[in-house]
Q: 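Just passing along the structure, written as structure tokens.
One-based numbering, in listed order, for ligands and for the atoms of each. Because the structure is predicted, anything quoted here is derived from the model rather than measured.
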Amino acid sequence: MTRKTAIDAVDAYFDGGAFQSELAALISYPTESQNPDAAPALMDYLTKAMQPRLESIGFKTEIIPNPDPRGGPLLIGERQEGDDLPTVLTYGHGDVIRAQDGMWREGLSPFELVEEGDRLYGRGTADNKVQHLINIAAIEAVLSVRGHLGFNVRIVLEMSEEVGSSGLAEVFKTHKDRLTADVLIASDGPRLQPEVPTVFMGSRGGMTFDLELTLREGAHHSGNWGGLLADPAIILAHALATITDRRGQIQIAEWRPDSLTDSVRSALDGLPVTGGEGPAVDTDWGEETLTPAERVYGWNSFCVLAMTSGVPEAPVNAISASARATCQLRYVVGTDPADIIPALRRHLDSHGFEAIIITPHDRGFFAATRLDPNHPWVDFVTSSIERTTGKPPHVLPNLAGSLPNDTFTDILGLPTVWVPHSYRGCSQHAPNEHVLKSLSRDALRVMAGLFWDIGAGGTLPR
Ligand SMILES: [Zn+2]
């Protein structure tokens, strides 16, 4: 009955084929939360795939209807061993984005798990089915070897992550007492490199808004009126050009975070941001004095998502009446979200662009969260991972993208440690989504070791 026995148990689970057949069963539920017709599959995933499994290992579970009509059901489970033991909250989402049927490569089909070499293809493999499957299987392995966990577990499974986690915050507020814990340990998103575990503790926030300039009713002939009528597209372009300089460095003082501390800098030092999957990084873009890792994980970035004036598909000889740009600020902790739009308003006004209207998007807001890389729970998790894999994991203070992490930090008040089990080339949110078998096996070992260590009776962060 040792740590190694628990890790051997997940090796056997993986090598014997049970992992793959269980993942195939989860992928066969067409849980597209963006598709209203998929509502029965969302419920089936919880009641058929998750509830019996969790109850068989001693969880008390309840299906919670979503208070938000846009969202699907949620599952809350509790496995209590002792009031004086530590409690871990974990989380997963069983919904997936649209299948994109017909866009997958020959031989692949979204809701069928297809094995090719080291890859297992299927919609929802990476995001997020493999991730919570690995964590549940690791808990089961520790339980089977030790007979008990040595800690209490709470689990939340939602079916609406891909529609903005509708209702999640409300459910957390209503059921706050049942979700108290010492730490959130959960999995979503990619590792920086497939062969090295990554730990991250929050995410950048986002704010999406339109900038629109309308000067008059209708367009007017560019010959008869050119030189007489102001061009909204040119004025809007000049306004945008005051927000950043020509290499994208933000010029609005309030949009420049004050949170790039030495501990964040040293956590980011040497992380593999360039190279690997995806396009080549433009090293001459972004904040000049920062490293690429600091630019994406430790700083804010502004971008224009879309921009229009006239009819780009069919231009005519006319001066447009209006121009519009949909813009986004991705921001880290250390930026006041309530002042993002007011600061932009002051900035545009002071540059003479009072006529440009700013309209925030209804669903375009995500809060930023971060835990100090020196937090004791981060130390605990990274030492456990190093003990299992023999090498230190990559530590990110926050993910560059967004995640409903503020519901855990702000409503439940938890330190949040995420251990992602996918990789950057997984085609998440695209056709041909897949996970790597080698990475999944490694992740099972990492999580079995981690859950073993939490229940080992040693001193835990409090
Ligand atoms: Zn997703």
Q: Between Lys129 (side chain only) and Ala24 (backbone N and O only), is there a donor and an acceptor less than 3.5 Å apart?
A: no

Q: Of all the N, O or S atoms in Glu162, which one sits nearest to the Zn ion (ligand 1)?
A: OE2

Q: A cation-pi test, strictly: NZ or CZ of Arg370 under 6.0 Å from the centre of the six-membered ring of Tyr297 and no more than 45 degrees from its axis. Yes or no?
A: no

Q: So among Arg256, Arg295, Arg247, which one has a salt bridge (charged side-chain N to carboxylate O under 4.0 Å, His left out) with Glu287?
A: Arg256

Q: If I take every N, O or S atom of His93, is at least one of them less than 2.8 Å from the Zn ion (ligand 1)?
A: no

Q: Can you tell me the N, O or S atom of Asp127 that's nearest the Zn ion (ligand 1)?
A: OD2

Q: My understanding is that only one of Asn300, Thr335, Ile252 makes a side-chain contact (heavy atoms from CB on, under 4.5 Å) with Ile340; could you say which?
A: Thr335

